[in-house]
**Student:** 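Please find one structure pasted underneath; my questions will follow.
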2 protein chains.
Amino acid sequence: MTNTGRSPARPVQLDEVSKAIIEQLQVDGRRSYADIGKAVGLSEAAVRQRVQKLTESGVMQIVAVTDPMQLGFTRQAMIGVRASGDTREVAARLAEIPEIDYVVLTAGSFDVLAEVVCEDDAQLIALLNERIRSIPGVQSTESFVYLMLQKQFYNWGTVRNRES
Amino acid sequence: MTNTGRSPARPVQLDEVSKAIIEQLQVDGRRSYADIGKAVGLSEAAVRQRVQKLTESGVMQIVAVTDPMQLGFTRQAMIGVRASGDTREVAARLAEIPEIDYVVLTAGSFDVLAEVVCEDDAQLIALLNERIRSIPGVQSTESFVYLMLQKQFYNWGTVRNRES
DNA sequence: AGTGAAACGACCGTAGA
DNA sequence: TCTACGGTCGTTTCACT
């Protein structure tokens, strides 16, 4: 459910062809293997094998991503959380909240960072007061409301249902 | 290149079937339209039409996402930036840095938040000193180094080549 | 790890409810 | 906006390099 246990140990070394395949799929995840093959100079079967390995090994995933703005979630913010006790517990509790789509434990003046996606200010305020500050161990929060998204690229963790 | 101009105006209202289709594609972006149709109770052509509309309207995108950890990017951090002058300029400069995959202008005690993905501490330190703090207008930065990612779900902005 | 060929299944356009 | 259907193209399997 959450994304503990991200294994690397030794990083995967990709050749230029695999990188090119990933770049193609970053533009269009449904592009046919045959088309990709033409672009990178490989047969369709070879592309398919590489894509399968990349996805099975967990290096890459092909998924649908949605635009919160277009779906009416007009208020986004990063919440810095200062917590006492086991910060992993606090992070786990934050991860249970559906309006929160990103939770990370950090070293620095915050213990946890969480990104919230809300429909309006009222929802954001209610979320902060009723469901975030009430979590045991949460000492204080600081909000950074998003004004304008400048750049976003997708790495990944758990890419799954966001039951809102 | 960057993601200015994200138009909503009026949010798209999705019915339950379209939501179900998106959920299917969030698990596997290459699932066949026929399979999705069986799961949501629609014909292959109907699913195809809906997916086309969702992608053309920009509500949804099907793309490949990669795991930075498995690719050897073991140091990630959120950088809070305090800036003077036009913070959009600073954000634009930050967005040009390939190791930075996320830039957002915020209201709060930071003017800009940027997420960096690095191979090691040395790269992170060099990045901060040589390329972030040297940007005109940057007054101070504060780093929150990631210890453990707890939850991550994909919304989207620009999903494009990350030339590293 | 790669290619090529044949069988199969998915995708696309169009017609019609 | 949906279903139905046929042509085309992509995918799969397998034998081979």
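To find a chain, count down the sequence lines: A is the first, B the second, and so on, and within it residues start at 1. These numbers come from a predicted model, not from an experiment.
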**Student:** Going 5' to 3' on DNA chain D, which nucleotide is the first and which the last to come under 4.0 Å of a heavy atom in chain B?
**Tutor:**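 So the contact region on DNA chain D extends dT1(D) to dT11(D).
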**Student:** Is R131(A) salt-bridged to E99(A), going by a charged N under 4.0 Å from an acidic O?
**Tutor:**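 Result for this pair is yes, salt bridge flagged.
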**Student:** Of the residues in residues 48-60 of chain A, which ones touch DNA chain C at a heavy-atom distance under 4.0 Å?
**Tutor:**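 Hits under 4.0 Å, by residue number: Q49(A), R50(A), K53(A).
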**Student:** Salt-bridged, D15(A) to R50(A), with N to O below 4.0 Å?
**Tutor:**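 Judged by the 4.0 Å cut-off on N to carboxylate O distance, D15(A) and R50(A) do form a salt bridge.
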**Student:** What is the distance, to the nearest angstrom, from the CD1 atom on I21(A) to the C1' atom on dG2(C)?
**Tutor:**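 Interatomic distance, CD1 of I21(A) to C1' of dG2(C): 12 Å.
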**Student:** Would D121(B) and R75(B) satisfy salt bridge (Lys or Arg N to Asp or Glu O under 4.0 Å), going step by step from the backbone distance to the final call?
**Tutor:** CA-CA 7 Å; D121(B) 288 325; R75(B) 283 288 174 281; 2.5 Å; yes
**Student:** Dump the intermediate steps for salt bridge (Lys or Arg N to Asp or Glu O under 4.0 Å) on E16(A) and K19(A), then the final yes or no.
**Tutor:** CA-CA 5 Å; E16(A) 290 308 312; K19(A) 285 182 189 169; 3.8 Å; yes
**Student:** Hey, is the main chain of S109(A) close enough, under 3.5 Å, to the side chain of R82(A) for a donor-acceptor pair?
**Tutor:**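 Side chain of R82(A) to backbone of S109(A), a donor-acceptor pair under 3.5 Å: yes, one is there.
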**Student:** Please report the distance, rounded to the nearest Å, between CG in D35(B) and P in dC8(C).
**Tutor:**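 Atom CG in D35(B) sits about 18 Å away from atom P in dC8(C).
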**Student:** What integer distance in Å separates D15(A):CG from dA1(C):P?
**Tutor:**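 Atom CG in D15(A) sits about 10 Å away from atom P in dA1(C).
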**Student:** Quick one: E44(A) CD to dA5(C) C1', roughly how many Å, whole number?
**Tutor:**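 Distance check: E44(A) CD to dA5(C) C1' gives 12 Å.
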**Student:** Using the side-chain contact (heavy atoms from CB on, under 4.5 Å) definition, which of the options L54(B), V59(B), L14(B) pairs with Q70(A)?
**Tutor:**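 Result: among L54(B), V59(B), L14(B), V59(B) is the only option passing the side-chain contact (heavy atoms from CB on, under 4.5 Å) with Q70(A).
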**Student:** Checking the side chain of Y33(B) only, and the main-chain atoms of A45(B) only, is there a donor and an acceptor separated by less than 3.5 Å?
**Tutor:**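 Checked: no pair found.
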**Student:** With the threshold set at 4.0 Å, does a side-chain nitrogen-carboxylate oxygen contact exist between R93(B) and E89(B)?
**Tutor:**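 Salt bridge flag = no for E89(B) with R93(B).
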